[in-house]
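Working notes for the structure below.
For ligands, and for the atoms within them, numbers begin at 1 and follow the listed sequence.
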Amino acid sequence: MAVERTLSIIKPDAVAKNVIGEIYSRFEKAGLRIVAARMLHLSREQAEGFYAVHRERPFFNDLVAFMTSGPVMVQALEGEDAIAKHREVMGATNPKEAAPGTIRADFASTIDENAVHGSDGPDTAKTEIAFFFREEEICPRTR
Ligand code: RTP
Ligand code: MG
């Protein structure tokens, strides 16, 4: 398996619940290393740009309103098979269908406010990481 990078967002609901550290701990226990991180409050333009693929979906306006409702914590994660591993620890999009012990099962309440985002493939991971971080802001481990 290859070492990959993926983009993770701790969404406004989970930041409001004060569980950033608990979620980071899940990443670390899964062998995912944080190689870049930043807290920010997304503007409407940033949220619309990030979720542009969902522009035509019925939930788009609600999604943008939610993602701009408070600060988010954004990070790039690195590790073996990081994209799939990250989605595994996040759990299903709908927390009601998320496996026990996953982040969404434990910290999310609804499909609209589901605690975390994770890239869904190598191409989106690359685009999404570049959306938030310049190459020199990414700090791979040297030891
Ligand atoms: P994410 O992109 O946030 O990691 O989540 P995902 O891949 O599991 O879900 P995706 O299909 O990409 O949808 C993006 C986000 O839009 C909201 N959503 N709401 N009401 C709905 O039916 C619905 N479907 C999706 C969720 O916040 C989802 O994470
Ligand atoms: Mg998605």
Remaining members of Ile111's ILVMFWY cluster at a side-chain heavy-atom cut-off under 4.5 Å? none
For Phe66, give me all partners under ring pair (Phe, Tyr, Trp, His ring centres under 6.0 Å), at least two apart in sequence or on another chain. none
Consider side chain to side chain contact (heavy atoms under 4.5 Å, CB included). Of Met73, Glu113, His41, Met67, which one does Pro12 pass it with? Met67
Every residue of the protein that comes under 4.0 Å of ligand 1, judged on heavy atoms: Lys11, Tyr51, His54, Phe59, Leu63, Arg87, Thr93, Arg104, Ile111, Asp112, Asn114, Val116, His117, Gly118
Check this for me, if you would: do Glu88 and Lys85 make a salt bridge, where the nitrogen-to-carboxylate-oxygen distance has to be below 4.0 angstrom? no
Measure the shortest side-chain to side-chain distance between Arg5 and Ile138 over non-hydrogen atoms and say whether it is less than 4.5 angstrom. yes
Selection residues 89-106 - residue pairs positive for side-chain hydrogen bond (donor to acceptor under 3.5 Å, both in side chains), sequence neighbours left out: Arg26-Asp106
